[in-house]
Visitor: 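This is the structure I want to talk about, given as structure tokens.
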Amino acid sequence: MNDYLIRRLTPEDAPGVAALVRRVWGEDYFRRALYDPDALLRANADGRLLSVVGIDSTGRVVAHDALSRPEHESWAETGAAMVDPEHRHHGLMSKTRPFVIQAAREEGLNGVFGHPVADHVFSQNVYVDLGFTCLGVMAGELPSRYLRHVPPEYRSRHGSMLLYALPLRSFTPRRIFPPTQHADLIHSLYARLGIPVTNSGKPMLLQSSARAMRARYDEDFDILVIDRIDAAQEPDACRADFEQATAGHDNALVQIPLDRETSPDWCAWVEHEGFFFAGITPRFDNGRDVIFYIRLQEAPVPVIYYADPKAEDIIKAVLADCRRATGGVIESVLVQRDSRSSSH
């Protein structure tokens, strides 16, 4: 068994990370900064990225894991996790990920979230073993170019990811107004996170803005993201902004704040516009709790594998609403933990 050193990225590690990415992905990895040692070090220096590496007994970088905060958010996304093919099956990801979580605690972050691929059960179990909770399914959000484990006949379709989250501190009661049809499930998800909820108190005050929402295109995942929604306004009053933002985009993700009494009206409105429920995350959008909705041009890969029985209710709820909105049927398959195979 190889002895590995796990540590935060150092300047001398950066060229080794670039070499690792090429061994694993060739020239096709979407996080382009990892190919450029100087860009990687700059991203770590300014806090947009927090990289952790695994070093083998010869001093070679054989694993990389990271937290991403492109706008210095209070929640960080895990990602850019990879292991040299010659060093897989040694549990390296199970070593780097706890180190990453501890680094997030040291940075004083509110929490960490991640998107394990829905056909890679081992990655999902790394999150479960670290105490993460499944809060949603990003159905159809993974472009086909990132799929490696699905049958060839489905590789032209987008794949799916699960949404797992881990709060890193205690939360005061969160003011939420979930849509009626998902209220029981959403309250259950908050309970699993250990976060109390209420429908009293005042909503968060946001910085004033000339627009009722923000729209940004995520090139990595080929999807339009709409966030910073001013849910104090009635949905119909924002129709022009919404239609302008989504024009020409077949795939879109909307983050609706849950802290307004009008939040259920927004949920009903986007459902009418062809979106389906995808999950929730507390204190995610500018400190607000949000509910996610997705709209797709076509149904994604029609199967999701998972090994976390506690995730069954949220997975089935999302897939049922996806079926309503797209007409596509996605099967969910529970995989026994002892049957999983590790590539990390």
Side-chain angles (χ1 to χ4, degrees), residues 48 68-77 110-111 113 115 135-141 158 161 163 165 174-183 186 199 201-297 318 321-322 325-326:
R48 288 177 291 124
S68 176
R69 292 195 301 150
E71 297 180 355
H72 300 92
E73 298 91 339
S74 63
W75 281 74
E77 180 178 8
N110 285 332
F113 70 98
H115 294 107
L135 299 180
V137 182
M138 302 292 104
E141 269 210 10
H158 281 208
M161 302 174 288
L163 169 61
R174 309 300 298 165
R175 170 186 159 104
I176 64 168
F177 294 90
T180 301
Q181 68 272 31
H182 301 304
I186 289 173
N199 60 3
K202 297 181 179 180
M204 279 193 61
L205 295 178
L206 302 180
Q207 295 180 350
S208 60
S209 172
R211 301 191 65 83
M213 63 195 68
R214 180 181 72 165
R216 52 190 173 87
Y217 182 66
D218 189 327
E219 294 183 357
D220 295 334
F221 293 97
D222 299 336
I223 195 166
L224 179 76
V225 178
I226 299 175
D227 59 7
R228 310 287 169 85
I229 290 177
D230 182 3
Q233 300 187 43
E234 294 295 331
D236 283 342
C238 304
R239 181 179 293 275
D241 280 345
F242 190 87
E243 291 179 346
Q244 179 181 355
T246 58
H249 295 278
D250 296 314
N251 300 332
L253 169 70
V254 177
Q255 300 174 11
I256 299 174
L258 279 168
D259 65 340
R260 299 279 182 175
E261 294 181 19
T262 54
S263 298
D265 297 331
W266 274 88
C267 294
W269 186 64
V270 297
E271 287 180 3
H272 184 266
E273 295 295 315
F275 287 77
F276 60 88
F277 167 65
I280 59 126
T281 301
R283 296 206 63 169
F284 187 80
D285 179 15
N286 242 11
R288 297 184 299 176
D289 299 31
V290 297
I291 182 171
F292 296 96
Y293 279 86
I294 293 173
R295 185 172 68 190
L296 301 175
Q297 179 183 24
V318 172
D321 210 38
C322 179
T326 68

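Quick caveat, the model's predicted, so the values are computed rather than measured.
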Visitor: Can you name the closest pair of heavy atoms from S263 and P257 and give their distance?
Guide: OG-O, 2.6 Å
Visitor: Less than 4.5 Å apart, any side-chain heavy atom of L135 and any of F113?
Guide: no
Visitor: For L253 and F275, what are the C-alpha separation, side-chain angles and deciding distance, and is it a side-chain contact (heavy atoms from CB on, under 4.5 Å)?
Guide: CA-CA 8 Å; L253 169 70; F275 287 77; over 6 Å; no
Visitor: Going by the rule ring pair (Phe, Tyr, Trp, His ring centres under 6.0 Å), which residues pair with Y293 if we only count those two or more places apart in sequence or in a different chain?
Guide: none
Visitor: Using every non-hydrogen atom in the two residues, find where M213 and I229 come nearest and quote the distance to one decimal.
Guide: CB-CG1, 3.9 Å
Visitor: May I ask you to test the I291-P179 pair for a side-chain heavy-atom distance under 4.5 Å?
Guide: yes
Visitor: Are E261 and R175 packed together at the side-chain level, in the sense that at least one heavy-atom pair is separated by less than 4.5 angstrom?
Guide: yes
Visitor: For W269, enumerate each residue passing the ring pair (Phe, Tyr, Trp, His ring centres under 6.0 Å) test, keeping only those at least two apart in sequence or located in another chain.
Guide: F242, W266
Visitor: Please tell me whether H158 and E141 have a donor and an acceptor in their side chains that are separated by less than 3.5 angstrom.
Guide: no
Visitor: Before giving the answer on side-chain contact (heavy atoms from CB on, under 4.5 Å), spell out for N251 and L224 the whole-Å C-alpha distance, their side-chain angles and the decisive distance to 0.1 Å.
Guide: CA-CA 6 Å; N251 300 332; L224 179 76; over 6 Å; no
Visitor: Got a second to check how far D259's CG is from N199's CG, nearest 0.5 Å?
Guide: 12.5 Å
Visitor: Are E271 and R295 ion-paired here, with the side-chain N under 4.0 Å from a carboxylate O?
Guide: no
Visitor: Compare all side-chain heavy atoms of I280 with those of D289 and state whether any distance is below 4.5 angstrom.
Guide: no
Visitor: For R48, enumerate each residue passing the side chain to side chain donor-acceptor pair (under 3.5 Å) test, keeping only those at least two apart in sequence or located in another chain.
Guide: D46
Visitor: Starting at CZ of R239, measure out to CD of E273 and round the result to the nearest 0.5 Å.
Guide: 5.0 Å
Visitor: Just wondering, do V318 and F277 contact through their side chains at under 4.5 Å, heavy atoms?
Guide: yes
Visitor: With a 4.5 Å heavy-atom cut-off, do I256 and V290 have their side chains touching?
Guide: no
Visitor: Please walk me through it: do R216 and D227 pass salt bridge (Lys or Arg N to Asp or Glu O under 4.0 Å)?
Guide: CA-CA 8 Å; R216 52 190 173 87; D227 59 7; 3.3 Å; yes
Visitor: Give, for atom CZ of R69 and atom OG of S74, the distance between the pair rounded to the nearest 0.5 Å.
Guide: 8.5 Å
Visitor: Just wondering, do D250 and L296 contact through their side chains at under 4.5 Å, heavy atoms?
Guide: no
Visitor: Given R260 and F177, is the side-chain contact (heavy atoms from CB on, under 4.5 Å) satisfied, shown in steps?
Guide: CA-CA 6 Å; R260 299 279 182 175; F177 294 90; 5.7 Å; no
Visitor: Dump the intermediate steps for side-chain contact (heavy atoms from CB on, under 4.5 Å) on T281 and F292, then the final yes or no.
Guide: CA-CA 8 Å; T281 301; F292 296 96; 3.3 Å; yes
Visitor: Taking all atoms of both residues into account, what is the closest heavy-atom pair of I226 and A245, and its distance?
Guide: CD1-CB, 4.3 Å
Visitor: Considering all heavy atoms of both residues, which atom of P178 and which atom of P264 are nearest to each other, and what is their separation?
Guide: O-CG, 3.8 Å
Visitor: Is the shortest side-chain heavy-atom distance between M138 and H115 below 4.5 Å?
Guide: yes
